[in-house]
Amino acid sequence: MPRFILSALVLALAACTSAPATHAAKEHYDLVIRNGVVYDGTGAAPQRVDVAVRGDRIAAWLPAGAQASAARTLDAGGQAVAPGFINVLSWATESLIADGRGVSDTKQGVTLEIFGEGWSMGPFNDRMKADALAQQGDIRYPIEWTTLGEYLEYLERRGVTPNVASFVGATTVRIHELGEDDVRPDAAQLARMQDLVRAAMREGALGVGSSLIYPPAAFADSAELTALAQAAAESGGGYVAHMRSEADRFLEALDETIGIARATGQRAEAYHLKAAGQKNWPKMAQAIARIEAARAQGLQVSADMYAYTAGGTGLTACLPPWVQAGGHEAMVGRLKDPAVRARVIAEMRDPDVAWENLRLLAGSDDRLVMLEFKSERLKPLIGRTLERIAGERGTSPEDTLIDLIIEDDSRVGAAYFLMSEDNVELGLRQPWVSLGSDAESSAPEGVFLKSSTHPRAYGNFARFLGHYVRDRQLMPLEEGIHRLTGLPAANWKLRDRGCLAPGCHADVVVFDPATIIDRATYAAPQQYATGVNHVFVNGVQVLRDGEHTGAKPGRVVRGPGWRGAEASSSPD
């Protein structure tokens with residue numbers, strides 16, 4: 001190599017090496033976060049650098065303590081500085097309408113809520129809108145949108161603190177075309193369902209989400225689900241499933257999910273991976289082995305979890321699917337018929353039925369706790385077990401459960417203690433498991449005081465980092481942060497999210513790894529987590545010294561099929 005070329009290369013290398021300090025001296029930033037331990041979301045070891053923000057993006061990493069011109073400087077005090085956390089299974093669809101701050105998640109460092117477990121907030125038709133309005137509980141609102149993309153933009157216009165994204169619900173698409181009966185789509189109906197998925201993908205949906213233990217989703221067969229997933233896969237979207245079984249047919253249901261990954265060539269994920277019911281606990285290790293085998297074959301298969309041993313859903317999960325066909329009103333009408341009621345109770349007591357009976361899987365009626373009623377008359381029962389309520393009423397547990405559904409004219413929210421702690425830890429150890437709360441994001445005030453909730457709504461992410469990562473030492477902190485950031489962002493193709501490098505969106509959390517912890521309990525769930533001190537969303541501070549600033553800079557985060565101005569108003 002000629003000497004002059006070699007000299008030029010040496011000079012260029014020297015210039016690159018000194019670039020950060022030179023860059024800092026010339027550039028002006030809106031914010032510099034100093035004196036932090038920076039985790040970039042990839043799982044790599046942390047670094048002692050300063051993070052510079054300009055507008056809504058990370059502008060640069062600067063050498064620790066380097067001089068830089070900035071409108072504002074934040075001293076992280078040696079705490080962790082990380083990308084904002086991603087809630088891959090959020091039910092904040094209505095809570096963000098009631099209170100756009102999303103405080104319970106914001107105080108845990110969550111900066112992106114992803115919706116769409118089976119049901120999504122569009123596409124709707126007029127009948128679906130009327131049914132949704134009739135079923136609203138404490139949170140009441142007009143439905144001012146029709147498509148899923150319009151709903152997400154509605155949230156952005158209203159003002160929300162976190163960013164928002166969504167899968168399109170397979171259940172929603174089914175109801176749109178088929179109603180809520182136990183029917184199979186014909187070729188024309190299935191084609192229209194696929195077109196609804198394609199339209200949602202153009203509006204920015206991440207893929208298709210299903211929830212297969214609940215009617216009418218339970219009536220869909222694998223061919224229907226695969227067809228919908230293939231429609232999403234055409235533009236790079238994935239498939240995520242509350243699987244058909246998490247108990248007696250857990251492994252068979254997982255095989256169905258893996259089969260959809262194989263058929264579409266895109267990601268398939270199991271929502272809140274669990275083995276429900278003590279007799280099924282050994283299946284957790286078997287399920288993990290099946291996922292590992294699929295991944296070894298090159299399939300994109302993963303899972304998410306919440307960090308608790310109790311699930312949360314409606315009392316209707318204790319009823320056979322056939323009695324729920326046709327929707328809520330039809331179900332209540334049937335339950336009032338003595339002959340139908342007798343048949344339902346017989347099935348509820350049968351341990352060998354073909355549907356997922358969460359009451360029997362919990363093991364006893366003192367492991368089923370009431371969380372939510374619509375009726376003011378029934379709200380005093382919140383926090384009580386089914387066993388206690390049945391004893392007070394002098395009726396059988398089955399009759400009591402049915403009566404509560406009829407009297408409240410709702411599904412009645414409840415917690416079910418189904419899982420083992422050993423399996424929770426086993427699942428969380430897997431490198432392909434991300435985190436979702438499976439809950440709303442609320443505050444212990446206003447309309448949210450009218451009902452209780454699962455503690456995961458206030459503590460899921462802090463519990464993961466504090467109890468499982470720090471105290472139980474399931475993984476290094478950098479790996480724990482990766483599971484909340486870079487992993488879900490890569491899984492669902494979220495461009496420039498879940499990362500803390502130049503060019504990434506400035507979603508940033510500053511927290512104390514030594515003190516972050518959940519405070520919510522089953523007895524008192526509406527207690528904020530602690531240890532997160534500062535949170536930024538798109539460069540705007542939404543949490544300062546642990547308190548919400550009131551800012552609502554959240555935006556719609558769109559998936560790989562988004563068509564820009566053809567389907568929406570502005571890009572992510």
Side-chain angles (χ1 to χ4, degrees), residues 87 89-113 115 119 121 132-145 151-152 154-164 312-314 369-384 408-415 437-462 518-530 532 535 537 540-554:
N87 185 351
L89 174 48
S90 170
W91 278 107
T93 46
E94 293 185 320
S95 63
L96 285 175
I97 295 175
D99 182 351
R101 297 175 301 163
V103 186
S104 62
D105 268 1
T106 301
K107 280 180 171 278
Q108 296 180 77
V110 172
T111 60
L112 173 58
E113 307 275 1
F115 315 129
W119 285 267
M121 297 294 263
L133 287 169
Q135 290 301 312
Q136 286 179 1
D138 293 328
I139 300 173
R140 307 196 68 83
Y141 51 92
I143 299 178
E144 301 176 1
W145 63 89
Y151 162 74
L152 294 171
Y154 165 83
L155 286 184
E156 183 176 303
R157 287 195 307 272
R158 263 180 89 84
V160 289
T161 292
N163 298 307
V164 291
T313 188
V369 181
M370 305 301 140
L371 297 180
E372 186 176 7
F373 290 98
K374 285 169 55 178
S375 167
E376 294 298 328
R377 183 178 65 83
L378 294 175
K379 286 183 184 295
L381 299 180
I382 289 172
R384 298 186 192 180
D408 200 54
D409 196 25
S410 82
R411 65 199 290 266
V412 182
S437 69
D438 199 6
E440 74 284 2
S441 181
S442 60
E445 58 188 68
V447 69
F448 302 118
L449 293 177
K450 292 185 176 183
S451 61
S452 188
T453 190
H454 192 295
R456 63 195 182 190
Y458 281 76
N460 187 59
F461 305 94
D518 59 310
R519 303 291 179 185
T521 65
Y522 292 100
Q526 293 176 311
Q527 299 187 77
Y528 290 130
T530 54
V532 174
V535 177
V537 175
V540 177
Q541 189 159 17
V542 298
L543 198 74
R544 180 182 296 114
D545 296 322
E547 296 300 324
H548 204 292
T549 66
K552 298 175 182 177

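If you're wondering where the values come from, they're calculated on a predicted model, not measured in any experiment.
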For Tyr151, all residues meeting ring-ring contact (aromatic ring centres under 6.0 Å, His included), sequence neighbours excluded: Trp145
Set of residues satisfying salt bridge (Lys or Arg N to Asp or Glu O under 4.0 Å) with respect to Lys450, sequence neighbours excluded: none
Over all atoms of both residues, closest heavy-atom pair of Leu543 and His548: CD1-N, 3.5 Å
Heavy-atom pair of closest approach, residues Lys552 and Gly159: CD-O, 3.4 Å
Under 3.5 Å: donor-acceptor pair, side chain of Arg158, backbone of Ile97: yes
Minimum heavy-atom distance Leu112-Pro162, with the two atoms named: N-CB, 4.5 Å
Working for side-chain contact (heavy atoms from CB on, under 4.5 Å), residues Val369 and Tyr522: CA-CA 9 Å; Val369 181; Tyr522 292 100; over 6 Å; no
Residues in side chain to side chain donor-acceptor pair (under 3.5 Å) contact with Thr111, at least two apart in sequence or another chain: none
Inter-residue atom distance Gln135.CD - Asp409.CG, 0.5 Å rounding: 6.0 Å
Ala524: side-chain contact (heavy atoms from CB on, under 4.5 Å) partners, not counting sequence neighbours: Thr521, Gln527
Side-chain donor or acceptor of Arg456 paired with backbone N/O of Asp438 under 3.5 Å: yes
Partner set under side chain to side chain donor-acceptor pair (under 3.5 Å) for Asn460, not counting sequence neighbours: none
Residues which pass side-chain contact (heavy atoms from CB on, under 4.5 Å) with Thr453, listed by chain and number, not counting sequence neighbours: Glu440, Ala457, Tyr458, Pro525, Gln526
Smallest separation among heavy atoms of Ser452 and Ile382, with atom names: CB-CG2, 3.3 Å
Ser441 (side chain) donor-acceptor with Asp105 (main chain) under 3.5 angstrom: yes
Phe448 CZ to Asp138 CG distance, which is reported to the nearest 0.5 Å: 10.0 Å
Residues forming a ring-ring contact (aromatic ring centres under 6.0 Å, His included) with Tyr141, sequence neighbours excluded: none
Results of side chain to side chain donor-acceptor pair (under 3.5 Å) for Arg140 - residues two or more places apart only: none
side-chain contact (heavy atoms from CB on, under 4.5 Å) evaluation trace for Met121 with Phe115: CA-CA 9 Å; Met121 297 294 263; Phe115 315 129; over 6 Å; no
From Leu378 atom CG to Met370 atom CE, the distance as rounded to the nearest 0.5 Å: 10.5 Å
Atom of Val447, atom of Ala98 and distance for their closest heavy-atom approach: CG1-CB, 4.1 Å
Euclidean distance, Leu371 CG relative to Thr313 OG1, rounded to 0.5 Å: 10.5 Å
Side-chain heavy atoms of Tyr528 within contact of Pro444, under 4.5 Å: yes
Contacts of type salt bridge (Lys or Arg N to Asp or Glu O under 4.0 Å), residue Arg101, not counting sequence neighbours: Asp99, Glu445
Set of side-chain contact (heavy atoms from CB on, under 4.5 Å) partners for Ser410, sequence neighbours left out: Lys374, Asp408, Val412
Side-chain donor/acceptor of Lys107 to backbone N/O of Val532, under 3.5 Å: no
side-chain contact (heavy atoms from CB on, under 4.5 Å) involving Leu133 - partner list, sequence neighbours excluded: Gln136, Ile143
Heavy-atom donor-acceptor pair, Ser451 side chain to Glu372 backbone, under 3.5 Å: no
Any donor-acceptor N/O pair, Glu156 side chain to Leu152 backbone, under 3.5 Å: no
Straight-line distance of Glu113 CD to Thr93 OG1, nearest 0.5 Å: 10.0 Å
With sequence neighbours excluded, residues passing salt bridge (Lys or Arg N to Asp or Glu O under 4.0 Å) with Arg157: none
